[in-house]
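Note sheet for the following structure.
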There are 2 protein chains.
Amino acid sequence: MSRASYRPITQGPSARPETWEETLSSVERAVTISQVAALAGVSTGTASKALNGRGALRPETRLRVQQAAERLGFVANAAARSLQTGRTYTVGMITTDSIGRFSIPLLIGAEDALGAGQMSVFLCDARDDPIREQYYLKTLLSRKVDGIIVTGRRTLARAPIGVRLPVPVVYAFISSADPDDCSVVPDEADGARRAIRHLLAIGRRRIAHVTGPEHHHSATIRASAAADALAAEGLTSAAPTLYGEWSEAWGRQAAGILLSTGADVDAVFCGSDQIARGLAEALRDAGRVIPRDVALVGFDNWDVMVEGCRPALTSVDMDLEGIGRTAAELLLQTINGDPVRGQHARPCRLVPRASTAV
Amino acid sequence: MSRASYRPITQGPSARPETWEETLSSVERAVTISQVAALAGVSTGTASKALNGRGALRPETRLRVQQAAERLGFVANAAARSLQTGRTYTVGMITTDSIGRFSIPLLIGAEDALGAGQMSVFLCDARDDPIREQYYLKTLLSRKVDGIIVTGRRTLARAPIGVRLPVPVVYAFISSADPDDCSVVPDEADGARRAIRHLLAIGRRRIAHVTGPEHHHSATIRASAAADALAAEGLTSAAPTLYGEWSEAWGRQAAGILLSTGADVDAVFCGSDQIARGLAEALRDAGRVIPRDVALVGFDNWDVMVEGCRPALTSVDMDLEGIGRTAAELLLQTINGDPVRGQHARPCRLVPRASTAV
DNA sequence: ATAGGCTAGGAAATCGATTGCCTAGACGCT
DNA sequence: AGCGTCTAGGCAATCGATTTCCTAGCCTAT
């Protein structure tokens, strides 16, 4: 626990230094614009104009101010600026569930797009706790962020984080239950279709589907899209969809089920890379050769899984980084006065590897 | 790309709404403390005191102000507050390399400790680019953060991010080359010793070590600590340390080397869980039974790896979340006037699983 | 020579909250 | 009754930067 010791600093000058600044050999007081102005021999107003390229100033004066700022190492106080301008050049990012494997690419993508717009990101980890979520929302509003991005693992559309908020909100990966809110999500059905079409293209016809829990939105939507894609070719699934968990263990177990029921499959589309990897292992142990006997497609394109799998795993990539970037871009657009509404589904990408190389 | 359309808003009232706020049916202007004060029938100063529990006020007045604030949904403007108080209740977190698997637990731990202190985190991803790093540093300083946490994948001590900064800095996971700076790092030697002692405790004597690249600080320090731990028992390594990559592929390859050289090993301590998992797979394929023939210990305790491994992998946990938490706590302590200096090494923890269960 | 226009830069209000100082009025004591 | 004390709460300065006026001085044109 941090010792929250707000000790008084009213001790003799010889006392042990008590605050951070006192411990510096020479105290580094923050440089203000008035100091810059004084050094350049102008007023603060003029200094401000010089540094922000506003107003009518002689180029020579402008330069003098800039050099003074440079020499003093002046950095404008963001609080003072935003108090005046109303803009903070800051956005909040609330992750509904804990920060995890899926949040990172989203975060990186968003950070990428926002950094280009010179904006900083407040990261808030709500940990699936509505109380924490509302607390963070309040904090972000008090900090007067210019906008908010809400992310979370995708199960179902979530309740809007707030109504009639004074700042724009964009949902990334997860979507808002209010169709009027702006959400950016992966088109998972598209991903499933790409997987099936890829398997069909390499000549497979007896295709099974093994995926996560049936109550998980991603599992059901991928399953039904896969079934539709097969139906479009006049085919049906080589076995009933196997619902389980998003784990390697379940993949291994599912392989056992497929083998024992004697289902004659020549390909399996898996709901996640972990499931696919488990399946691959168990199939190999059973003497099946991948992809000769059974071709395999995963979902997520998670580097350590697709590369660790033997053979390397073909997988569907949801482009989470792109989703994060798009969400941030739409947020910026909204902030800049061109509001964006509605749900935006982004296509997936199939990354072929050895597990489907014929 | 975001259309950075800073359009003028000087159009007739009938024009299409151009800014975010105009698109709200009723504009939600932020509530200020003067509005609260007016509603409560007091001055702004009094309102401030009432809401912050300061000054001498009648309980009844205090309550009246609080109720007014509640009714209006008042949230204090953080910029105005910090302009006055000098505190922002914000810290910056700069990740030297990109946000990745190691950063997340650090981030969560830090967020945990800071959130408890009501502080928010600015996340900055420097992506191994010194320019970006300095840019972010400047941004954080302009935002007057109360402190900075610097993290990054651990190779060697890094150059201090800045000298004589006006705010305290704590390095987490990575350490600063200046021994006077405050760094919180895992005691990797301790982790290696625990691994070896555990293997010795279950009766193994012919222990090999397979790890990452020799130029990687973590690899060499773990290797030498392991050798020392063996020497302490009068033993030597069963085979020369095998340096390679931090990957499953290298683990598989290393297994081949150990098997082909006929080294008679009954245990392998691996520099990472990925290496261990690769090794486990290859050993199994070669007919070796784990842990009966060969016991296995990994490093990192990365959930998906230790659980995906067959059998489940015993591993050394560096407690990254604890490191993040500690770093944040030391930072808070320093901010609160009780400066902390020097390098703090935190012990590791061995998590035994089936791969060493005798 | 003088009015008008233009330019460069200064003065001061402003953003919203905090806080030190001050005072009106209540109260108690002699 | 008069004086001192204490309490509750108001007033106004303050933080640092931006921005809107405003003006001194110069130039030009008639």
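Chain naming here is simple, since letters A, B, ... match the order of the sequence lines and numbering starts at 1 in each.
Residue A/Arg54 places at least one side-chain N or O closer than 4.0 Å to OP1 or OP2 of D/dT19. OP1 or OP2 of D/dG9 has at least one side-chain nitrogen or oxygen of B/Arg58 nearer than 4.0 Å. For the OP1/OP2 pair of D/dT18 and a distance below 4.0 Å, the side-chain nitrogens and oxygens of A/Asn52 include at least one atom meeting the criterion. Contact between the side-chain N/O atoms of B/Thr61 and the OP1/OP2 oxygens of D/dG9 is found at a separation under 4.0 Å.
Closest heavy-atom contact between B/Ile335 and B/Pro168: CG1-CG, 3.9 Å. The two residues B/Ile174 and B/Val150 come nearest to each other via the heavy atoms CG2-O, 4.1 Å.
In summary, of the residues considered (A/Leu51, A/Leu57, A/Leu39, A/Ile33), a side-chain contact (heavy atoms from CB on, under 4.5 Å) with A/Val65 occurs for A/Leu51 alone. The only option from B/Leu114, B/Val145, B/Leu331 that meets the side-chain contact (heavy atoms from CB on, under 4.5 Å) definition with B/Met119 turns out to be B/Leu114.
For the residue pair A/Thr96/A/Arg127, the side-chain donor-acceptor check at 3.5 Å is not satisfied. Between the side chains of A/Arg143 and B/Ser120, at least one donor N or O lies within less than 3.5 Å of an accepting N or O. Side-chain contact, A/Ser82 with A/Arg87: no donor N or O sits under 3.5 Å from an acceptor N or O. With no hydrogens or angles considered, no side-chain donor-acceptor pair links A/Ser142 and A/Thr139 at under 3.5 Å.
Separating the CG atom of A/Leu83 from the C1' atom of C/dT18 is a distance of 12 Å, rounded to the nearest angstrom. One interatomic measurement links the two molecules: CD1 of A/Ile33 to C1' of D/dT18, which rounds to 8 Å at whole-angstrom precision. Computed from coordinates, the A/Gln35 CD to D/dA17 P distance equals 9 Å when rounded to whole Å. Atom P of nucleotide C/dC15 and atom NZ of A/Lys144 are separated by 14 Å, given to the nearest angstrom. Distance A/Arg87 CZ to D/dT19 C1': 18 Å, rounded to the nearest Å. Rounding to whole angstrom units, CZ of residue A/Arg143 and C1' of C/dC15 are separated by 18 Å. As rounded to whole Å, 16 Å separates atom P of D/dG16 from atom CG of B/Leu141. Between B/Arg64 atom CZ and D/dA8 atom C1' there is a gap of 11 Å when expressed in whole angstrom units.
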Could you pull out the protein-nucleic contacts involving nucleotides 10-13 of chain C (nitrogen or oxygen on both sides, under 3.5 Å)?
| from | atom 1 | to | atom 2 | distance (Å) |
| --- | --- | --- | --- | --- |
| C/dG10 | OP2 | A/Ser43 | N | 3.0 |
| C/dG10 | OP2 | A/Ser43 | OG | 3.1 |
| C/dG10 | OP2 | A/Thr46 | OG1 | 2.5 |
| C/dG10 | O6 | A/Lys49 | NZ | 2.8 |

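Of the residues in residues 72-82 of chain B, those lying under 4.0 Å from DNA chain C by heavy-atom distance are B/Phe74, B/Ala76, B/Asn77, B/Ala80, B/Arg81.
In this structure, A/Arg132 forms no cation-pi arrangement with A/Tyr135, as its terminal cationic atom is not both closer than 6.0 Å to the ring centre and no more than 45° off the ring axis.
Using a 4.0 Å heavy-atom distance criterion, A/Ser48 is classed as a base contact.
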